[in-house]
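Input: a single structure, listed below in structure tokens.
These values consider heavy atoms only, across backbone and side chains, with no hydrogens, waters or symmetry-generated copies. Numbers restart at 1 for each chain; the letters A, B, ... are given by sequence-line order, proteins then strands.
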Number of protein chains: 2
Amino acid sequence: MKTSFENLSVELLKKEIRPSYQRIKVLEYLIAKRCHPTVDQIFNDLVKEVPTLSKATIYNTLNLLIKAKLVRVVTIEDNETRYDITMSNHGHFKCELCGTIFDFKVNIDNFMADKLSEFKINERDVYFKGICPSCLKYKK
Amino acid sequence: MKTSFENLSVELLKKEIRPSYQRIKVLEYLIAKRCHPTVDQIFNDLVKEVPTLSKATIYNTLNLLIKAKLVRVVTIEDNETRYDITMSNHGHFKCELCGTIFDFKVNIDNFMADKLSEFKINERDVYFKGICPSCLKYKK
DNA sequence: TCAATTTTTATAATAATTATAAATATATAA
DNA sequence: TTATATATTTATAATTATTATAAAAATTGA
């Protein structure tokens, strides 16, 4: 998915979402930054560029994008909801020290358990927690 | 882990947690019911037996048990926090229609991505969503 | 341009969780 | 046993995240 304004408009129109300025800004942010942000982070960054922005708009937009499967929720921690551009076959690792969330490739189809053969699986999420390499180094 | 009152006391003492009546009740509930309950469910069920029970106690107790690694948080949905007795190598499947959460066996070590070789992994969670067999049947 | 519709904004309402302090229960030592 | 100290529970208040509502602004189509 390209990050140019026009291309994002097209992506939204494909999903029958009107490409308003605010919606494109949110989508653009998620694609460009790739930092699995919280609503607060998105709001605080974007309000610099769009001073009239309201937090309700962020919530509305994210919920729209989630319904359209362009964005997914990262519920790696129960006390903070984060958001991520939808990409297949990647898991999330959160460092317990610095809080950074890393993407990692994982072939999720491979570990589909036999027990679920009669289940219709629509969404697969893999969340790991631990300590990232740079924090491990720093600790020593 | 046995569910008898005395055994649960021992489990708690091993973790240096005083085995108060309320704490044992919560732990016992989680082990016996295995329903991945929310705080509200735990509270509403236990208050029948322990009428003086307070919701703050449920929160305090769960946080203690989580710190002691006896219980883990199931963050399969961003708008509801659920709790589960800690067991290795099982994932959670949530049915999008009936809301039931199913456990399934999954060999999590198998799909450890190469990319994470320099990461220290402390916790692994696998969350699937979709439609369970009985809801699939019912739909037809 | 004008009316109709959609989106955004500002604010209020709701719900989940944590913090606080008083009351209760438990443990320890004289 | 009794007094004292400590830990736990309870009730309540405070905080925070999210949703709901209605007015204002922007967009669309005639």
Side-chain angles (χ1 to χ4, degrees), chain A residues 5-6 8-9 11-13 15-29 36-68 70-83 99, chain B residues 5-6 8-10 12-13 15-29 36-68 70-83 99:
Chain A
F5 222 80
E6 304 76 47
L8 295 184
S9 276
E11 292 298 326
L12 289 176
L13 286 170
K15 303 283 184 171
E16 299 186 323
I17 296 171
R18 281 211 198 158
S20 76
Y21 181 67
Q22 289 86 341
R23 287 171 181 169
I24 291 181
K25 275 295 178 187
V26 170
L27 189 54
E28 186 183 46
Y29 181 88
H36 317 88
T38 62
V39 166
D40 266 28
Q41 281 175 265
I42 300 171
F43 177 76
N44 289 325
D45 280 354
L46 288 186
V47 80
K48 293 169 196 159
E49 280 184 84
V50 191
T52 64
L53 192 64
S54 151
K55 212 175 260 186
T57 301
I58 310 288
Y59 279 105
N60 289 339
T61 302
L62 287 171
N63 287 334
L64 261 181
L65 297 178
I66 289 162
K67 221 177 283 170
L70 289 170
V71 166
R72 71 168 169 171
V73 179
V74 179
T75 57
I76 199 167
E77 213 71 77
D78 65 320
N79 57 344
E80 56 174 29
T81 306
R82 295 177 169 276
Y83 300 87
Chain B
F5 223 79
E6 303 78 44
L8 294 184
S9 277
V10 174
L12 289 176
L13 286 169
K15 303 282 187 172
E16 300 186 321
I17 295 171
R18 282 213 197 155
S20 75
Y21 180 67
Q22 289 85 342
R23 286 171 181 170
I24 290 180
K25 277 296 178 186
V26 170
L27 190 53
E28 187 183 47
Y29 181 88
H36 318 87
T38 61
V39 166
D40 265 28
Q41 280 175 267
I42 301 171
F43 176 77
N44 289 326
D45 281 353
L46 288 185
V47 81
K48 293 170 195 160
E49 279 184 82
V50 191
T52 65
L53 192 65
S54 149
K55 212 175 259 187
T57 301
I58 310 287
Y59 280 105
N60 289 340
T61 302
L62 287 171
N63 288 334
L64 261 181
L65 298 177
I66 289 162
K67 222 178 282 170
L70 288 170
V71 166
R72 70 167 169 173
V73 179
V74 179
T75 56
I76 199 167
E77 212 73 76
D78 65 320
N79 56 345
E80 58 176 27
T81 307
R82 295 178 169 275
Y83 300 87

Value in whole Å for how far the C1' atom of D/dT9 lies from CZ of B/Phe43: 12 Å
D/dT10 OP1/OP2 closer than 4.0 Å to side-chain N/O of B/Thr57: yes
Phosphate OP1/OP2 of C/dT9 contacted by A/Thr52 side-chain N/O (<4.0 Å): yes
Any B/Arg18 side-chain nitrogen or oxygen under 4.0 Å from OP1 or OP2 of C/dT26: no
B/Ser20 side chain near D/dT9 phosphate (N/O to OP1/OP2, under 4.0 Å): yes
Donor-acceptor contact present, side-chain B/Thr75 to main-chain A/Thr75, <3.5 Å: yes
Whole-Å distance separating the CG atom of A/Asn60 from the P atom of D/dT18: 13 Å
Value in whole Å for how far the P atom of C/dT14 lies from CG of B/Asp40: 17 Å
5'-most by nearest nucleotide on DNA chain C - A/Thr61 or B/Lys55: A/Thr61
Gap between atoms CG and P, on B/Asn79 and D/dT16 respectively (whole Å): 21 Å
5' priority, DNA chain D, between A/Asn63 and B/Ser54 [closest heavy atom]: B/Ser54
Non-hydrogen atoms of A/Asn44 and A/Lys48 that approach each other most closely: O-CE, 3.6 Å
Among D/dT10, C/dT9, C/dT7, the nucleotide that comes nearest once only the side chain of A/Ala56 is considered: C/dT9
Spacing between B/Tyr59 atom OH and D/dA11 atom P, to the nearest angstrom: 16 Å
Check: A/Thr61 side chain, A/Thr57 main-chain N or O, donor-acceptor pair, under 3.5 Å: yes
Whole-Å distance separating the CG atom of A/Leu64 from the C1' atom of D/dT19: 14 Å
Length of the CD-P vector between B/Gln22 and C/dT26, whole Å: 9 Å
Heavy-atom pair of closest approach, residues B/Leu53 and B/Phe43: O-CE1, 3.5 Å
Interatomic distance where OH belongs to A/Tyr21 and C1' belongs to D/dA26 [whole Å]: 14 Å
B/Thr81 side-chain N/O to C/dT17 phosphate OP1/OP2 under 4.0 Å: yes
Touch class at under 4.0 angstrom, heavy-atom based, for B/Asp78 against every strand present: nothing
Check: B/Arg82 main-chain N/O paired with B/Thr38 side-chain donor or acceptor under 3.5 Å: no
